[in-house]
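What follows is one structure encoded as C-alpha cells, with my remarks underneath.
Just so it is clear, the structure is predicted and the values come from calculations on it, not from any experiment. In this chain, numbering begins with 1 at the start of the sequence shown.
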Amino acid sequence: MIEKELELFNSQLRGKDKRLILTFDRLDNIVKPYLWDDIVSPLVKLCNKFPWESIFPKLFLRRDLYERLGNLTNKSSFKPKIIGLEWSKNEIYSYFLKIVFTYSPEEFTTYLREKLKPVLVNEVTKRLNKKGARNQLPLDTYLIQPVINAFFGESKQKKNGKNSSAYDDLYRNIQSADSTVNLRPFLDLIKYAIEEQEQQDFDRGYRKGAILGLAYCTSKHVRKQAVVNYLIDLWGEQGNELVKYFCQDLSNNRVHPQYKKAKLDEGLFEKLLQDIRQRHISDSTVSSTTINEFKQILIANKIITPYMVGNKNRYGYAYLYTNYFGV
C-alpha cells in the first residue's frame, strides 16, 4: 500500500521534473530505544536501497543509538552514505574565532598585530573581508593555528621535553573517546576559564599576555565543570540511563579506587560495570540490560574507548571526562 503511494508520488514528481527530500529526525522521541532494532532498522534498510529516483530520504540518527542498532546485515556498507555531524579541530576553532572577530574585530586585530607577523595578519584580514566570509576564517591550519596560539598563549613544556601548543593542548582537553569534540563542553570550558582567570590571575599570573591563559582552560576545576551540563543533556536522552549511573558513581566516589585509573583491563572494567549495575539493579532499565549492552552504551556515547594490547582488550576513559571522574 505505502509502496504504491510512493510509486505514484514519484511518478508525479518525475513528470514535473521535481525532487523531494524526505527527512526523518528525533526518532528517539517517537520510538523507544529498545524498539529500534524492530522499527528503525527496517527504515535504515529502506533508505539505503530506496528505489524511487525523485525522492531522497535523509535520516538524522543519534550516533549512540545507530551504533547499537542490530538487525542490519553488512552495516559497514552504509559508511559511504553517512555524514558525521561532530566538529573537527579547525571547525570548532574557526567557529570560536568567528565569535571573537564578530564582537571585537578591531581590538582583536590590533592584538594580533602585536603577536604575529604582519604578512599573516594581513592574510587573516583579507580572508575575513572576503565576500561571504561572515567573520569566519576558512579551515586552513596555517591561518587558524597561530591565531589560536596567540589567543591562549604558550603551552607548558611536556615532561618528555617536547614543546606543544595551545592549538593542540586545548583540543586534547575537549576530546571524547573517539577523538571528536562537541560544542557545548568547549564553550562551557571557555566560560569557566574566563571566570577562573578573573578571580585568580592577580595572584597567579598565568595569563602572561594572552587574552585567555591556556593554564586556566586546562585546570582541573574548569575541566570538571565544563562537562557537567553536557553530561546532564546526554544522560537525559532515552536509553542513556546507565550513562548517568556510570558517570555519577565515578564522580561521587561510589566505586573502589582501583577503578580510577586511566586504563583498565577487560576483567577490571567488567567488575566496575557489575558493581555499578548491582548498585542500581532496582531500576528496571538497569536490570534488563546486560553487561555487554552496558559496555556498548558507554562506547557508543564516547564515554570510554576500547583498544587492543596484543590480543587483549583494554578500556580507557575519554580525556574530556577524566577530571569529572576523578581519574
Side-chain angles (χ1 to χ4, degrees), residues 28-29 31-37 61-70 86 173-182 184-185 188-189 220-309 312-327:
D28 53 304
N29 289 345
V31 182
K32 292 186 179 298
Y34 69 87
L35 295 174
W36 271 45
D37 282 359
L61 304 177
R62 275 172 44 191
R63 179 179 287 274
D64 60 305
L65 292 179
Y66 174 75
E67 295 292 346
R68 286 148 58 186
L69 267 183
E86 289 89 356
N173 277 270
I174 57 174
Q175 285 183 355
S176 295
D178 63 349
S179 299
T180 59
V181 296
N182 292 284
R184 181 158 192 175
D188 279 353
L189 181 137
K220 291 182 178 180
H221 173 72
V222 167
R223 289 188 59 234
K224 181 175 182 178
Q225 290 297 111
V227 301
V228 172
N229 290 327
Y230 177 68
L231 283 174
I232 290 172
D233 288 344
L234 188 65
W235 67 50
E237 294 176 343
Q238 285 195 58
N240 279 350
E241 294 81 2
L242 281 161
V243 173
K244 176 179 181 179
Y245 295 137
F246 181 85
C247 295
Q248 288 188 337
D249 281 10
L250 279 163
S251 180
N252 295 324
N253 297 315
R254 294 176 187 149
V255 301
H256 194 279
Q258 67 178 333
Y259 302 124
K260 295 216 170 188
K261 297 187 294 185
K263 310 294 182 183
L264 302 175
D265 62 40
E266 186 158 36
L268 196 59
F269 182 62
E270 289 191 353
K271 285 182 180 178
L272 169 61
L273 300 187
Q274 290 276 15
D275 179 27
I276 294 172
R277 184 176 182 274
Q278 192 58 41
R279 188 176 296 111
H280 303 282
I281 200 69
S282 59
D283 186 324
S284 60
T285 304
V286 175
S287 60
S288 62
T289 303
T290 67
I291 291 299
N292 188 58
E293 289 170 337
F294 192 176
K295 191 185 300 183
Q296 294 308 313
I297 289 170
L298 295 173
I299 293 171
N301 279 286
K302 301 179 286 187
I303 303 293
I304 57 131
T305 183
Y307 63 100
M308 297 291 292
V309 177
K312 296 182 179 180
N313 289 325
R314 296 288 187 273
Y315 298 88
Y317 301 103
Y319 195 76
L320 175 65
Y321 305 116
T322 51
N323 278 95
Y324 181 79
F325 293 157
V327 173

> More than 12 heavy atoms of other residues, nucleotides or ligands under 6.0 Å from CD of Gln258: is that the case?
Replying inline: yes
>> Tell me whether the count of non-hydrogen atoms from other residues, nucleotides or ligands lying under 6.0 Å of NZ in Lys220 goes above 12.
In response: no
Which pair of heavy atoms, one from [X] and one from [Y], lies closest together, and at what distance?
{"X": "Tyr324", "Y": "Val228", "result": "CE1-CG2, 4.0 Å"}
{"X": "Ser176", "Y": "Lys302", "result": "CB-CB, 3.7 Å"}
{"X": "Ala177", "Y": "Ala318", "result": "N-CB, 3.3 Å"}
{"X": "Ser287", "Y": "Ser284", "result": "OG-O, 3.1 Å"}

Do the side chains of [Y] and [X] get nearer than 4.5 Å, heavy atoms only?
{"X": "Tyr317", "Y": "Leu264", "value": "yes"}
{"X": "Leu273", "Y": "Leu242", "value": "no"}
{"X": "Ile291", "Y": "Arg277", "value": "yes"}
{"X": "Ile299", "Y": "Ile304", "value": "yes"}
{"X": "Arg62", "Y": "Asn240", "value": "yes"}
{"X": "Tyr321", "Y": "Cys247", "value": "no"}
{"X": "Lys260", "Y": "Asn253", "value": "yes"}
{"X": "Gln175", "Y": "Leu320", "value": "no"}

To the nearest 0.5 Å, what is the distance between [atom1] ([X]) and [atom2] ([Y])?
{"X": "Arg314", "Y": "Thr305", "atom1": "CZ", "atom2": "OG1", "value": "14.0 Å"}
{"X": "Leu234", "Y": "Asn301", "atom1": "CG", "atom2": "CG", "value": "4.5 Å"}
{"X": "Lys244", "Y": "Leu231", "atom1": "NZ", "atom2": "CG", "value": "12.0 Å"}
{"X": "Thr285", "Y": "Asp283", "atom1": "OG1", "atom2": "CG", "value": "4.5 Å"}
{"X": "Glu67", "Y": "Leu61", "atom1": "CD", "atom2": "CG", "value": "10.5 Å"}
{"X": "Asp249", "Y": "Ile276", "atom1": "CG", "atom2": "CD1", "value": "5.0 Å"}

>> Show, in sequence, the C-alpha distance, side-chain angles and deciding distance for Asp275 and Lys271, and conclude whether the salt bridge (Lys or Arg N to Asp or Glu O under 4.0 Å) test is met.
In response: CA-CA 6 Å; Asp275 179 27; Lys271 285 182 180 178; over 6 Å; no
> Are Thr180 and Asp178 linked by a side-chain donor-acceptor pair shorter than 3.5 Å?
Replying inline: yes
>> Side chains of Asn182 and Tyr230: any donor to acceptor distance under 3.5 Å?
In response: yes
> Angle class for the Phe246/Phe325 ring planes (parallel below 30°, perpendicular above 60°, tilted otherwise)?
Replying inline: perpendicular
>> If we check side-chain contact (heavy atoms from CB on, under 4.5 Å) with Tyr315, which of these qualifies: Lys263, Lys295, Glu270?
In response: Lys295
> Considering the options Asn173, Leu189, Asp188, which one meets the side-chain contact (heavy atoms from CB on, under 4.5 Å) requirement together with Val222?
Replying inline: Leu189
>> Holding to ring pair (Phe, Tyr, Trp, His ring centres under 6.0 Å), I want the full list of residues that pass it with Tyr245, two or more places apart in sequence or in another chain.
In response: His280
Are any side-chain N or O atoms of [X] and backbone N or O atoms of [Y], one a donor and one an acceptor, separated by less than 3.5 Å?
{"X": "Asp265", "Y": "Gly267", "result": "yes"}
{"X": "Asp37", "Y": "Gly70", "result": "yes"}
{"X": "Gln238", "Y": "Asp28", "result": "yes"}

>> Val327 vs Lys261, test: side chain to side chain contact (heavy atoms under 4.5 Å, CB included). Steps then yes/no.
In response: CA-CA 6 Å; Val327 173; Lys261 297 187 294 185; 5.6 Å; no
